[in-house]
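Chain A is the first sequence line, chain B the second, and so forth, proteins listed ahead of strands; every chain is numbered from 1. Small disclaimer: the values here were computed from a predicted structure and weren't measured.
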There are 2 protein chains.
Amino acid sequence: MAAEARRGPYICGLDAAMDVVSGKWKSLILWELHHHGVRRFGELRRGLPGVSEKMLIQHLREMAEDGLVHREVYREVPPRVEYSLTEHGTSLNEALRALGAWGTARRQRLAAETPLNQVAG
Amino acid sequence: MAAEARRGPYICGLDAAMDVVSGKWKSLILWELHHHGVRRFGELRRGLPGVSEKMLIQHLREMAEDGLVHREVYREVPPRVEYSLTEHGTSLNEALRALGAWGTARRQRLAAETPLNQVAG
DNA sequence: CAGAATCCGCAACGATACTG
DNA sequence: CAGTATCGTTGCGGATTCTG
């Protein structure tokens, strides 16, 4: 138990929410699980280009502890573990929709301001 | 130009929005400016217990570059600088309302699960 | 009062190797 | 396949000092 999220004390609601989504890939994990419903570890890994196993499992564990994702383990050979959103995870995703829309608008604004260079990132 | 936010390239809208609010005090700054309309540097400092001048000015600069806050400098003695939300900053705050509400619900859930200990933080 | 400049600790993040 | 363990790096955030 070393790399856990803060989990309070929080100053306000926004603070408590940000704590749960802070982490480079967490919002993307939420997004992935929201769209695919159920995903295995390897599927998530492939769906998040650039993520390391360490960060993925670490974020997944924290999100499970925070009650955002459900972790279902099938003791088979080869092993299989499936991740899905819980009720709280789903509601969090809903709460993030407005923010995602704002960000999309921002991206378009940014793209419009950039003629034709720098886009190549 | 060393401690700036990422500003892309972004994977999705949520990513672009999170980039702008990531930073320990940014959401609180947004909150402060939203409630008080216009605030001076010192007022913000006092309104955010625990923040250092460095982080405050750094966040403020980034948010100004991101078009979230407006920085008005009055060349007087003693100097005075006033910060306020721009249109984009205001709309971002609106977009964060659902998230704040979710966090508030989470705090209440957390508090309900904790009998009487650990609360003292 | 409002910042600038500097040093530094620590947590987050990342890459690799190994295991059940 | 789905992790665990370890090590190395990066950069955020904090404390302090100095300036216009």
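- Dashed line: the shortest gap from a side-chain N or O of R45(B) to OP1 or OP2 of dA2(C) is not under 4.0 Å.
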- [ ] Might you work through the side-chain contact (heavy atoms from CB on, under 4.5 Å) test for Q58(A) and M55(A), ending with a clear yes or no?
- [x] CA-CA 5 Å; Q58(A) 183 176 309; M55(A) 290 318 299; 3.8 Å; yes
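- Each of dA2(D), dG14(C), dT4(D) was ranked by its minimum atom distance to the side chain of K24(A); first place goes to dG14(C).
- For the pair E82(B) CD and dC1(C) P, the computed distance is 15 Å after rounding to whole Å.
- One atom, CG of L56(B), and another, C1' of dA4(C), lie 14 Å apart when rounded to the nearest Å.
- Phosphate proximity of dA2(D) to R75(A): absent, as no side-chain N or O sits under 4.0 Å from OP1 or OP2.
- Look at CD on E53(A): it is 16 Å from P on dC13(C), rounded to the nearest Å.
- In this structure, F41(B) places its CZ atom 11 Å from P of dC1(C), rounding to the nearest Å.
- The listed nucleotides are dG13(D), dG20(C), dG3(C); the one nearest the side chain of M55(B) is dG13(D).
- Results of the side chain to side chain contact (heavy atoms under 4.5 Å, CB included) test with I29(A) over V21(A), L68(A), L48(A) single out L48(A) as the only residue that passes.
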Open item on the list: For L28(B) and V51(B): C-alpha separation, side-chain torsions, deciding distance, then whether side-chain contact (heavy atoms from CB on, under 4.5 Å) applies.
Closed with: CA-CA 11 Å; L28(B) 283 324; V51(B) 74; over 6 Å; no
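- For G23(A) and R46(B), each mapped to the nucleotide of DNA chain C holding its nearest heavy atom, the one lying further toward the 5' end belongs to R46(B).
- The structure places NE2 of H34(A) at 8.0 Å from OG1 of T90(A), a figure rounded to the nearest 0.5 Å.
- For the pair Q58(B) CD and dG11(D) P, the interatomic distance rounds to 13 Å; values are reported in whole Å.
- Between R80(B) and dA2(C) there is no side-chain polar atom (N or O) within less than 4.0 angstrom of OP1 or OP2.
- A straight line from OH of Y83(B) to P of dC1(C) spans 15 Å, rounded to a whole angstrom.
- When the side-chain nitrogen and oxygen atoms of H59(B) are compared with OP1 and OP2 of dG13(D), one or more of them lie within a distance under 4.0 Å.
- Minimum atom distance to the side chain of S52(A) is reached by dG14(C), of the listed dG3(C), dG3(D), dG14(C).
- For the pair R61(A) and dT4(D), the criterion of a side-chain N or O lying under 4.0 Å from OP1 or OP2 is met.
- Rounded to whole Å, atom P of dC12(D) lies 15 Å from atom CE of M18(B).
- F41(A) places a side-chain heavy atom less than 4.5 Å from the side chain of I57(A).
- Nearer the 5' end of DNA chain D, as judged by each residue's closest nucleotide, is the contact made by R71(A), out of R71(A) and K54(A).
- Atom CD of E76(B) is separated from atom C1' of dG20(D) by 15 Å (rounded to the nearest Å).
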